[in-house]
Amino acid sequence: ITVPQDISFSEFVDTVVDEKKRGNTFKIDALIQEITDCKPVVWRGGMIGYGSYNYSSDRSSQSGVWPITGFRAAKTKFTIYIMPGFEPFPELMAKLGKYKTGRSCLYINKLGDVDTGVLKELIKESVDYMKEKYTTNPT
């Protein structure tokens with residue numbers, strides 16, 4: 001189960017060894033904080049989450065709490081969590097730049113590979129979607 005951890009964002013970022021990746025980590029954090037007005041929370045598995053929502057799955061009977069958006073800084077790429085998936089945002093995806101996707105995961109190698117204005121709009125629209133669909137919490 002992925003749950004918030006008892007480590008600060010700055011302590012966690014200190015574990016991101018690569019200097020360039022560390023800088024991009026702070027840039028992504030600032031971008032998401034501006035959109036969500038939420039402070040970053042480190043979740044198990046190294047995910048940085050912003051806000052949260054309560055979910056329940058009809059398919060698996062699971063329920064829990066999950067960030068409304070967030071990201072992960074891995075050694076080779078960044079994963080940005082777009083919780084509604086990408087189907088609602090075809091126009092933004094067409095303008096975003098160089099990326100790969102999973103179900104709700106946007107994979108980018110570095111910020112320079114994408115248009116950060118488009119990325120910001122994608123995250124904003126994703127967060128707005130989540131706030132319309134779910135009851136959200138600021139942390």
Side-chain angles (χ1 to χ4, degrees):
I1 295 177
T2 300
V3 294
Q5 299 297 287
D6 191 22
I7 182 174
S8 74
F9 174 71
S10 59
E11 289 172 318
F12 178 77
V13 172
D14 285 344
T15 68
V16 178
V17 181
D18 180 89
E19 193 66 38
K20 190 167 197 160
K21 185 153 303 270
R22 190 176 302 134
N24 281 333
T25 298
F26 283 116
K27 288 177 184 176
I28 293 171
D29 168 62
L31 182 121
I32 296 176
Q33 279 196 59
E34 182 181 332
I35 293 164
T36 63
D37 201 28
C38 296
K39 296 291 181 197
V41 174
V42 179
W43 290 63
R44 183 177 293 161
M47 179 180 21
I48 311 300
Y50 301 81
S52 64
Y53 71 100
N54 298 331
Y55 73 89
S56 60
S57 171
D58 294 332
R59 278 186 310 162
S60 65
S61 301
Q62 288 182 320
S63 63
V65 177
W66 195 257
I68 58 173
T69 193
F71 74 101
R72 185 167 199 260
K75 286 184 180 183
T76 59
K77 63 183 175 287
F78 288 96
T79 304
I80 300 174
Y81 299 97
I82 306 295
M83 298 315 298
F86 303 97
E87 194 172 300
F89 315 112
E91 292 170 6
L92 291 171
M93 299 307 292
K95 299 186 294 186
L96 184 58
K98 184 179 173 183
Y99 65 87
K100 292 183 181 179
T101 61
R103 176 175 256 157
S104 295
C105 299
L106 176 69
Y107 303 107
I108 59 174
N109 292 326
K110 57 187 182 292
L111 275 179
D113 287 345
V114 296
D115 180 317
T116 53
V118 174
L119 177 62
K120 184 176 180 178
E121 185 62 28
L122 176 64
I123 295 168
K124 181 189 176 314
E125 288 193 22
S126 167
V127 167
D128 290 348
Y129 178 98
M130 296 302 290
K131 286 180 176 179
E132 286 177 23
K133 185 168 178 159
Y134 298 96
T135 300
T136 59
N137 312 300
T139 58

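When reading the values below, keep in mind they use all heavy atoms of this one structure, side chains included, and skip hydrogens, waters and symmetry mates.
A distance-only check finds a donor-acceptor pair linking the side chain of Glu11 to the backbone of Ser8 [under 3.5 Å]. Within the 3.5 Å criterion, the main-chain N or O of Gly45 finds a donor-acceptor partner in the side chain of Arg72. Under a 3.5 Å cut-off, the side chain of Tyr99 and the backbone N or O of Met93 do form a donor-acceptor pair.
Within the 4.5 Å cutoff, the side chain of Ile48 has no heavy atoms near those of the Val41 side chain.
Between Pro84 and Ser126 the shortest heavy-atom distance is CD-OG, 3.1 Å. What you find for Glu121 and Leu92 is that their closest heavy atoms are CG-CD2, 3.8 Å. A pairwise comparison of heavy atoms in Pro67 and Met83 identifies O-CG, 3.7 Å as the closest pair. Smallest separation of non-hydrogen atoms from Lys21 and Lys75: CE-O, 3.4 Å. Minimum interatomic distance between Phe71 and Phe9 (heavy atoms only, all atoms of both residues): CZ-CE1, 4.4 Å. Shortest non-hydrogen contact noted between Asn109 and Phe78 is O-CD1, 4.1 Å.
Distance check, rounded to the nearest 0.5 Å: CD1 of Ile82 to OG1 of Thr101 gives 10.5 Å.
No more than 12 heavy atoms of other residues, nucleotides or ligands sit less than 6.0 Å from atom NZ of Lys120. Counting non-hydrogen atoms of neighbouring residues, nucleotides and ligands closer than 6.0 angstrom, the CG atom of Asp37 reaches no more than 12 such neighbours.
Partners of Lys100 by side-chain contact (heavy atoms from CB on, under 4.5 Å), not counting sequence neighbours, listed by chain and number: Tyr107. Partners of Thr69 under the side-chain contact (heavy atoms from CB on, under 4.5 Å) rule, at least two apart in sequence or in another chain, are Ile32, Thr36, Tyr50, Ile123, Val127.
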For Lys110 and Asp113, what are the C-alpha separation, side-chain angles and deciding distance, and is it a salt bridge (charged side-chain N to carboxylate O under 4.0 Å, His left out)?
CA-CA 6 Å; Lys110 57 187 182 292; Asp113 287 345; 3.2 Å; yes
